[in-house]
Amino acid sequence: MEKSEEKESKQCEDEVSHLALDIGGTLIKMVYFSSSSSSCSTSAQKNGSEKDGIDASSENLNYSFLSGRLHFLKFETKNISECINFISSKHLQHYADVLCSSSLLMDGIISNSYLLRGSVNPGYRDDDALANDKNIIKATGGGAFKFADLFKEKLGIVLDKVDEMSSLVAGANFLLKAVHHEAFTYMDGQKDYVQIDHKDLYPYLLVNVGSGVSMIKVDGDSKFERVSGTSIGGGTFWGMGKLLTKCKSFDELLELSRQGNNKVIDMLVGDIYGGTDYAKIGLTSTTIASSFGKAVSENKELEDYRAEDIARSLLRMISNNIGQIAYLNALRFGLKRIFFGGFFIRGHEYTMDTISVAVNFWSKGEAKALFLRHEGFLGALGAFMSYQKNGITDSTNQLMEQHSSMPKSLFCTGNGFDSSTHADTKDNGYIECKVQIRN
Ligand SMILES: Nc1ncnc2c1ncn2[C@@H]1O[C@H](COP(=O)(O)OP(=O)(O)O)[C@@H](O)[C@H]1O
Ligand SMILES: CC(C)(COP(=O)(O)O)[C@@H](O)C(=O)NCCC(=O)O
């Protein structure tokens, strides 16, 4: 293949810009924008009057639109080489230094769509440019520090570190203000989307349940304080679950918990009070008095318990605890809304239900637990948004959401990439976008 053809073909495969990473204790989250394959063109078309990939009908004197997707992907941090291989196979690193000279600016909302501004340069860079060390991508999470040398060595990428808490807050604020149907409540099997008035968003408590848990009081754009945290988080559930049930994947553990009965292991108020409520202090007989407490008095070994029941008790114990600590922090600062993010939540019904019940129980119905559709990608989105900060301020392009399709299995194919081994398709997805380009 001629060099120019090769360039063109790569351009058509992957017209990518604005790649950001959140490298956490357990998972790597990736967000990037690509123009859709239908917007790829041949040179002849490009030289013609039609501006391929640009929706001419949406053109005005100053702008036209380029269709594309905001992609969301995750990898296990322990398999970081899969992430590196993916970046390499999609040539994502080649677009890195385009990004540092660009900007991305959340600007407002247009009729249930979100509007980002940023310069998107899908152009392919020449080999000389690729060879220098200016390939910089925004990265947050502890892994941005831990794996900086690895990215440099394997991909020639310099990770431009973005603070983890700032990224979480920026990501949450962006989603809450800009994405329609982002936040929802979940109680008794019912999911209700909550329309957020973005003028009345603050203050709120953001609880990010990743490997560990961070609780952040958010008072405005870039105005926040990490008020608490707990080490009993997603890593605890997955780590203890793995040891106690011998299951091989997080999904398997969640599935086990779905089928389990926690009463087999948890000691209930009724177990202590002879089957009755302790009404004087507001405890029903079915309230858990002591998580895993039954195991103390029963003459049983670990093998005598069903893995399903163990998983259920564990999930309930950790979710309850997070819900309770979150509520106590909301109480400290008089916050009524608590948003839960992080991949521990995983849209799992029982997890969300348990957290909601805990918040409702402890707040006597005063505070509400809210969940986010893009729960696990707050940090990565925040890092993605941070391109606006050190970019050109008179940014010219805009990204506009059309519709989100999460979860969805897609784009993890081709280029030798095997989706089944690289990413959990349940959590990967994309948002259809249009990028507005100045003519
Ligand atoms: N496929 C998965 N593999 C491992 N953990 C998962 C997976 N899906 C969800 N989890 C849960 O998500 C947690 C990690 O959440 P995340 O927000 O990505 O945190 P971190 O940034 O610390 O990696 C894990 O500890 C686990 O509880
Ligand atoms: C250190 C962390 C911010 C790292 O984030 P993570 O990778 O867990 O998403 C988080 O694990 C945490 O807040 N842990 C709780 C520490 C504490 O306050 O006790």
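The first residue of the sequence shown is numbered 1, and numbering continues consecutively from there. Order of listing sets the numbers, starting from 1, for every ligand and every atom in it. Note that this is a predicted model, so its numbers are computed, not measured.
Contacts with ligand 1 closer than 4.0 Å are made by side-chain heavy atoms of Trp238 only, the backbone lying farther away.
Close N/O approach between Asn208 and ligand 1 is not found [any backbone or side-chain N/O within under 3.5 Å]. At under 3.5 Å, a nitrogen or oxygen of Gly212, whether backbone or side chain, sits near a nitrogen or oxygen of ligand 2. In terms of polar-atom proximity, defined here as any N/O pair under 3.5 Å, Leu27 does make such a contact with ligand 1. For the pair Asp22 and ligand 1, the shortest N or O to N or O distance does not fall below 3.5 Å. The shortest N or O to N or O distance between Gly234 and ligand 1 is below 3.5 Å. Residue contacts with ligand 1: Phe237 is placed with no nitrogen or oxygen under 3.5 Å of a nitrogen or oxygen of the ligand (distance criterion only). Some N or O of Gly235 is nearer than 3.5 Å to an N or O of ligand 1, by distance alone.
Close approach to Arg346 involves these atoms of ligand 1, each under 4.0 Å from a residue heavy atom: 8 (N), 9 (C). Near Met165, with a cut-off below 4.0 Å to any heavy atom, the atoms of ligand 2 are 3 (C). The contact set between ligand 2 and Ser211, taken as ligand atoms under 4.0 Å from a residue heavy atom, comprises 8 (O). Each of the atoms 17 (O) of ligand 1 lies under 4.0 Å from some heavy atom of Gly342. Of all atoms in ligand 1, listed by their number and element, those nearer than 4.0 Å to a heavy atom of Gly25 are 20 (P), 21 (O), 22 (O), 23 (O). Close approach of ligand 1 to Lys74 is summarised as follows: ligand atoms under 4.0 Å from at least one heavy atom of the residue are 1 (N). Atoms of ligand 2 lying under 4.0 Å from at least one heavy atom of Gly25, given by number and element, are 7 (O).
To the nearest 0.5 Å, atoms OG (Ser319) and CD1 (Ile232) are separated by 12.0 Å. Atom-to-atom distance recorded for Asp266:CG and Leu314:CG is 10.0 Å, nearest 0.5 angstrom.
Side-chain contact check for Arg306 versus Val264: every heavy-atom pair is 4.5 Å or farther apart. Counting heavy atoms from C-beta outward, Tyr202 and Lys223 have side chains that stay 4.5 Å or more apart.
In this structure, Lys29 forms no cation-pi arrangement with Phe343, as its terminal cationic atom is not both closer than 6.0 Å to the ring centre and no more than 45° off the ring axis.
Using cut-offs of 30° and 60° on the angle between ring planes, the pair Trp238 and Phe250 is perpendicular.
In this structure a side-chain-to-backbone donor-acceptor pair under 3.5 Å is present from Glu182 to Arg373. Of the possible donor and acceptor atoms, none in the side chain of Asp188 sits under 3.5 Å from a partner among the backbone N and O of Gln190. Of the possible donor and acceptor atoms, one in the side chain of Asn85 sits under 3.5 Å from a partner among the backbone N and O of Ser81.
For atom 1 (C) of ligand 2, no protein non-hydrogen atom is found at a distance below 4.0 Å.
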Using residues 239-248 as the side-chain source, report each donor-acceptor pair under 3.5 Å to any protein atom, sequence neighbours left out, with the distance given to one decimal.
from   : atom 1 : to     : atom 2 : distance (Å)
Thr245 : OG1    : Gly241 : O      : 2.7
Thr245 : OG1    : Cys247 : N      : 3.2

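Scanning the protein heavy atoms around atom 15 (C) of ligand 2, the nearest turns out to be Thr230 O, 3.4 Å. Here the heavy atom of the protein found nearest to atom 9 (O) of ligand 2 is Glu164 OE2, 3.5 Å. The nearest protein atom to atom 17 (C) of ligand 2, hydrogens excluded, is given as Arg226 NH2, 3.7 Å; this is a heavy-atom distance.
Nearest residue to atom 22 (O) of ligand 1 from Ser211, Gly341, Gly241 is Ser211 (criterion: closest heavy atom).
One finds a salt bridge joining Lys177 and Asp221 here, because a Lys/Arg side-chain nitrogen approaches an Asp/Glu carboxylate oxygen to under 4.0 Å. Residues Arg346 and Asp251 are paired through a salt bridge, judged by an N-O separation under 4.0 Å between the basic side chain and the carboxylate.
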